[in-house]
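Here is the structure we will look at, set down as structure tokens.
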Amino acid sequence: SPPLSLNAHCVFCWLNMLSLLFLLKPSFFVLQVTRVPIESCEQYGTCGECLSSGDPHCGWCLLVKVTDVPDLSAGITCSFGNLTEVEGRVDGNQILCTSPAAKDVPIIPTDQVVIILYSHSFHLFRCLSCVTSSFRCHWCKYRNLCTHDPSSCSFQEGRVNASEDCPQLVRSEEILIPAGEVKPITLKARNLPQPQSGQRGYECVLHIQGVSHRVTALRFNSSSVQCQNSSYLYEGMRISELPVDFSVVWNGNFIIDNPENIKVHLYKCGAQRDSCGVCLKAERKFQCGWCSMEGRCTLRQHCPMSNPYTSRWLHLASTNVKCTNPRITEVTPVAGPPEGGTRVTIRGVNLGLSFSDMVNNVQVAGIQCTPQENGYIIAEQIVCEMDAAPTDSKPGPVHLCVGECKPELQTRSSQLYSFVMPSVKGLSPSRGPESGGTKVTIMGENLGAGSSVKSDWFVSVCFVLRRTMTEIVCYSAPSLTGVGPVQISVSVDRAQVQDSLTFEYIDDPTVQRIEPEWSIASGHTPLVVTGTNLDVIQEPRIRIKYGGRESVNVCKVLNITTMSCLAPSLTAEYRPGLDSVKHADEFGFIFNNVQALLVYNNTNLMYYPNPYFEPLSTNGMLEQKPGSPIILKGKNLVPSASGGVKLNYTVLIGETPCSVTVSESQLLCEPPNLTGQYKIMVQVGGLHVSPGSVNILSDSLLTLPAIVSIAAGGGLLLIIVILVLIAYKRKSRENDLTLKRLQMQMDNLESRVALECKEAFAELQTDINELTSDLDRAGIPYLDYRTYAMRVLFPGIEDHPVLRELELCVEKALKLFAQLINNKVFLLTFIRTLEMQRSFSMRDRGNVASLIMTALQGRLEYATDVLKHLLSDLIDKNLESKNHPKLLLRRTESVAEKMLTNWFAFLLHKFLKECAGEPLFMLYCAIKQQMEKGPIDAITGEARYSLSEDKLIRQQIDYKTLILNCVNPENENSPEIPVKVLNCDTITQVKEKILDAVYKNMPYSQRPKAVDMDLEWRQGRLARVVLQDEDITTKIENDWKRLNTLMHYQVSDRCVVALVPKQTSSYNIPPTTSISRTSISRYDSTFRYTGSPDSLRSRAPMITPDLESGVKVWHLVKNHEHGDQKEGDRGSKMVSEIYLTRLLATKGTLQKFVDDLFETLFSTVHRGSALPLAIKYMFDFLDEQADKHSIHDTDVRHTWKSNCLPLRFWVNVIKNPQFVFDIHKSSITDACLSVVAQTFMDSCSTSEHRLGKDSPSNKLLYAKDIPNYKNWVERYYADISRLPAISDQDMNAYLAEQARLHSNEFNMLSALNEIYSYISKYSEEITAALEQDETAKKQRLAYKVEQLIAAMSLES
């Protein structure tokens, strides 16, 4: 027998033994040697060709490379099945085995010959695995070693050959150790070796929750060992019993076999046993009892005795043991028919320790309820059956006693059980197929009451699927009487519902034909099914069975005789190798319970092979020029089916479809205008396959010279940048020197600024005193509540739908929607689902928040509850995402944050009118009057007096104050009204000032507008000149056109002017002595002004060039970006930063009004008005949330409150006083209010503002005041904290009163109609979220949403 040479890399598996598997033909070991040319086997290239050739001398050689082969130096045995074993020899990377002699080889079977290699060293650490292997292995007990050579064992008595001689643990009783208790563990064993000289003793190793614990053990004899006294602990109170892996070792790591996998069971009496009843239910083996003094489940030794002779430890071994203080936590159902029979399930704590305790001891709403033993769970649950009740029975609680009705052994439920009369109103659908299976909804009232419901259909039963208080859903049974109507009766427990319903069984649907009678293997091609009574099928499906696999697809009913189906797929996945036409083994339809159509044989539905597409190229990427068609080659693209129906192909280039032309072997795609790499995806039926990707090259690829030129240009640019930086550094050094010189000039200017502030303040105070007296007469022009709320909730939208009556006739559907909105589970799920959508923008979030608050204007207590839930979720999300807590409520990024703003807007309106509105209005008037004392550029909006550096005129403007006598437009015979103006004012600015003087006691919306009036300069009785911003006298110089001013017209002090309604105006010329009235008249008749004066009054002033002539318009200063000013003009200007001192002057003038406003907002005492409840309530809520999350950082709590109220509401009001008052806010006023608002925000911040020379001017302006304001804020928050807490009852009463006062301000149905647009847009996501929520599923909210969508679609 020649040696058999095996490569050591051909090892398949190294598990219990090393096994090398070779598949050999039966003729491999032959007794007669025949010379065969070796080359004859090389002609077969695959395993299939080789094995199917029939050549007796050829077989397929399978080599598998396996790594990590262990050391084979211990010896190799070659086992030839059950025939013989021979010693193997390792030779380099080969294993040599001598094959058995011919006489030892029987007829070779036709399956396999197995050659097994094994190593004794694999069984190194286990005696049992060593001696029970199929090989001659021996265990050396004292060396802990498995070997093939027994002589290598140190001691004769240490050799083990049989499993019964192995050292091993033997099972005795269960090992129970209380956690934390010091106890020994005694174990039975067999053949435990006695450690020899130099060997270590025994140890017990316990693996508890991933941590190993070693305890010294004592070997008593060869059959007993004890782990010494020790305590063991594990984490958590949710695990009452923890099985712990356990082993006994000696000499450090010699493991004693544990064949029965003995474990140590650690346990805690108190885990998951927090009541007396549950504690005493524990198995007696744990020896747990209830310590009534401490109210916990524990071992007896841990329960202190009340006196030396009395123990308060209860356990089941005692006599007459009862757990006191039973408590009911849940009662289901909570309603049932008075006829009785309802099985009421009562869950709770300490509900008796035996069923006998509860017999005759349960009453529900005063009616006896008989406990059922099969539903009783010791201490936790009682199921009882209701007796009949009188018809006039009232709702009542569940009352029960445990054994005897002592006070400590009885309890009542907080839930009340009611007696109701179920009734039915109708069913849908009212007809179905004779074979049954129709899902029928029976509608009525109180149908969810009781514990069981039954629906009888003449002689059959409708199988109930689910039920609620308003409906029962069941599946109709097959008709036992054929077609025709059947009477339906409903019974709830023992109550028989009186009203009867009728359901009509009709003939089962039939299928007459299918078109077309073909599809492709992947299916999903359209099939049109024609038949009868198809409209009664609720969820029609089509099915096939092929190769033992069933495939189903959906159908859609079109009418009574037609429905559309998608063909099922023939195979589970795309298999290009299917090239022949196939027929399904079975074909049919799933129509409710109609069995006759499950297999439908009247069709010859054929499945053609799937279209197959060749790869675009060898690497899968096709290079393509723009506009070139993409050709996809393949086969089976056009099935050879009759009837003219073709496959519908869709080809996507990336995400973009292309137009397709199909032939038998290729598909032509005209790609859209794209460049770059895109994946090509072909979709046809259920087949989605990609033949590769396309790279559409751009026509404008850079050439090598272009790249070189760009690189050279880039290098040159880099050199220029370096030179500029060097020059900039030198210039910066020069500027520092200049700034030092300017510092001296600034010190000199300071005294001038102080004097200017003092004079300006005195003058402004006089004007304000006049204004105050006017306000006492006319009052502050507050907006009404509706206008105020609309401007805060929907800024910029004047005529919002919530102010109008609903145009669509969907009132009934919207009332259904109102019920959903008033369901907190739905509303919270709706808002959370919207916020998870990527397309739900910030604008949408604000809009939804405002619409919800508008819709809930009449239910502010409910809106407040929802807002608190959303804010709590927002705080949890903020903390879970590891964001800094101070970022909470900083921006409006959620619906909750916008709802919070609107909530404050609703509840602080009264406080605004009674208290905070006056100092805010005075600040607005002071800013307006102070700004108008100096020049204001009509184009750029810059002013001489400003708090904003961006809106400061940084030039010396020469101007003069004039007083114009204005004819009273209401009565020309009344005295003329003196009006202060500036000679540099434009005509529109003069008109505005005149209107302010004439109509100073009238709200802005009721005044005439400047654009609707003309300004006449009257000289005598006849001479009247209409002054305008632009006319033929307007000066144009170097493409710059300057607006006309009073100086331009040479209007002098005390001139008489009049405002008259605008007519077809004309361009005018200045009144000079050389021009007579006639010539003015001639000009007046020749030139007509066609522009709109309103165009000069832009909300955001800018320099706007004339598009036709390119002329740019200016008033006082030209835009600094234009460098075409005269050199003389530049020379007359000082360094622009010098004019920043005017900011100080303006700030000093307005300081008192800013202080008044801040003091009002940061005070809990408001001139006799109490702090609004909303502020105290919301601040307390934020403190509760901080306590809940263990946030004790006062800075975080301070920041939450600042972000909640001052930054979210007051800053908005300060910046936009037009939200509160009927006024006009100019751009310069807006800029100044923005500075005040920024100061307000800085005052509420806890961070230190480190200021330097580069800090913004608005920060520097109030740098000295902000620390004082911060003290006000801290005092304000502390005062609020010390105020008594507001109870929910008081707050709800306040909210209900506020809701009552303004309940009719908005059209709730219109608001709901606007909210519904989001329901419609995200209906699938909302429905899915409701179906995942357990509470929503119980309330069937997803179904109600579907009902709403259907109702809206129907009514609209």
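Just so you know, these numbers come straight off a predicted model, no measurement behind them. Position 1 is the first residue of the sequence, and the numbers go up from there.
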Backbone N/O of Thr562 and side chain of Asn559: donor-acceptor pair under 3.5 Å: yes

Leu427 vs Ile488, side-chain contact (heavy atoms from CB on, under 4.5 Å): CA-CA, chis, key distance, verdict: CA-CA 10 Å; Leu427 76 164; Ile488 299 175; 3.6 Å; yes

Check: Tyr1343/Thr1327 side-chain N/O donor and acceptor closer than 3.5 Å: no

Pair Ser569, Ser522: side-chain N/O donor-acceptor within cut-off below 3.5 Å: no

Nearest non-hydrogen partners of Leu632 and Pro691, listed with the distance: CD2-CG, 4.0 Å

Heavy-atom donor-acceptor pair, Gln624 side chain to Ser628 backbone, under 3.5 Å: yes

Chi angles and distances behind the salt bridge (Lys or Arg N to Asp or Glu O under 4.0 Å) call for Lys454, Asp493: CA-CA 8 Å; Lys454 185 177 180 182; Asp493 296 335; over 6 Å; no

CG-OH distance between Leu647 and Tyr608, expressed to the nearest 0.5 angstrom: 10.5 Å

Within-4.5 Å side-chain heavy-atom neighbours: Glu1325 and Gln837: yes

side-chain contact (heavy atoms from CB on, under 4.5 Å) between Asn636 and Asn610, intermediate numbers included: CA-CA 7 Å; Asn636 304 326; Asn610 279 326; over 6 Å; no

Verdict with reasoning, Leu534 to Phe591, per side-chain contact (heavy atoms from CB on, under 4.5 Å): CA-CA 9 Å; Leu534 299 180; Phe591 287 172; 4.1 Å; yes

Compile the donor-acceptor pairs under 3.5 Å between side chains in residues 652-665 and protein atoms, sequence neighbours left out, one pair per line.
| from | atom 1 | to | atom 2 | distance (Å) |
| --- | --- | --- | --- | --- |
| Ser663 | OG | Gln666 | N | 3.3 |
| Ser663 | OG | Gln666 | O | 3.0 |

Approximate separation, where rounding is to 0.5 Å, of Arg431 CZ and Ile506 CD1: 4.0 Å

Heavy atoms from other residues, nucleotides or ligands near CD of Gln512 exceed 12 (cutoff 6.0 Å): yes

Shortest non-hydrogen separation from Asn593 to Pro478 and the atoms involved: ND2-CG, 3.7 Å

Parallel, tilted or perpendicular: rings of Tyr505 and Phe503 (30°, 60°): perpendicular

Carboxylate-amine/guanidinium contact Glu471 Arg1340, below 4.0 Å: yes

List the atom pairs, donor and acceptor, that lie under 3.5 Å between side-chain atoms in residues 432-443 and the rest of the protein, sequence neighbours left out.
| from | atom 1 | to | atom 2 | distance (Å) |
| --- | --- | --- | --- | --- |
| Ser435 | OG | Asp508 | OD1 | 3.4 |
| Ser435 | OG | Asp508 | OD2 | 2.4 |
| Thr438 | OG1 | Asn592 | ND2 | 3.4 |

Pairwise distance CZ(Phe826) to CG(Asp1333) - rounded to 0.5 angstrom: 12.0 Å

Heavy-atom side-chain proximity of Ile1349 to Tyr1316 below 4.5 angstrom: yes

4.5 Å side-chain heavy-atom contact, Ser430 and Thr502: no

Nearest non-hydrogen partners of Ser423 and Val497, listed with the distance: CA-CG1, 3.8 Å

Stepwise side-chain contact (heavy atoms from CB on, under 4.5 Å) check, Phe613 with Val682: CA-CA 9 Å; Phe613 293 94; Val682 181; 3.7 Å; yes

Val490 versus Ile472, closest heavy-atom pair with distance: CG1-CD1, 4.0 Å

Under 3.5 Å donor-acceptor, Arg343 side chain and Ser452 backbone: no

Pairwise distance CG(Leu616) to CG(Asn695) - rounded to 0.5 angstrom: 12.0 Å

Gap separating the CE atom of Met681 from the OG atom of Ser693, nearest 0.5 angstrom: 9.0 Å

Tyr649 side-chain N/O to Gln683 backbone N/O, donor-acceptor pair under 3.5 Å: no

Derivation of the side chain to side chain donor-acceptor pair (under 3.5 Å) call for Ser519 and Thr525: CA-CA 6 Å; Ser519 182; Thr525 59; 2.7 Å; yes

Side chains of Val684 and His524 in contact at under 4.5 Å (non-hydrogen atoms): no

Non-hydrogen side-chain atoms of Ser551 and Tyr546 separated by less than 4.5 Å: no

Side chain to side chain, Val1345 and Leu1330, heavy atoms closer than 4.5 Å: yes

Pairwise distance CG(Leu622) to OG(Ser617) - rounded to 0.5 angstrom: 6.5 Å

Smallest separation among heavy atoms of Asp585 and Gly548, with atom names: OD2-N, 4.5 Å

Any side-chain heavy-atom pair of Lys582 and Leu570 under 4.5 Å: yes

Check against salt bridge (Lys or Arg N to Asp or Glu O under 4.0 Å), Glu1331 and Lys1337: CA-CA 6 Å; Glu1331 288 176 346; Lys1337 285 171 69 176; over 6 Å; no

Mutual orientation of the aromatic rings belonging to Phe587 and Phe589 [parallel < 30°, tilted 30-60°, perpendicular > 60°]: perpendicular

Heavy-atom neighbours of Glu539 CD exceed 12 at 6.0 Å: no

Non-hydrogen side-chain atoms of Thr470 and Leu447 separated by less than 4.5 Å: no

Side-chain (Asn553) to main-chain (Arg543) donor-acceptor, under 3.5 angstrom: no

NZ/NE/NH1/NH2 to OD/OE distance under 4.0 Å, Glu515 and Arg513: yes

Heavy-atom closest pair, residues Gly450 and Arg467: O-NH2, 2.9 Å

Contact list for residues 461-493, test disulfide (SG to SG under 2.5 Å), sequence neighbours left out: Cys462-Cys474

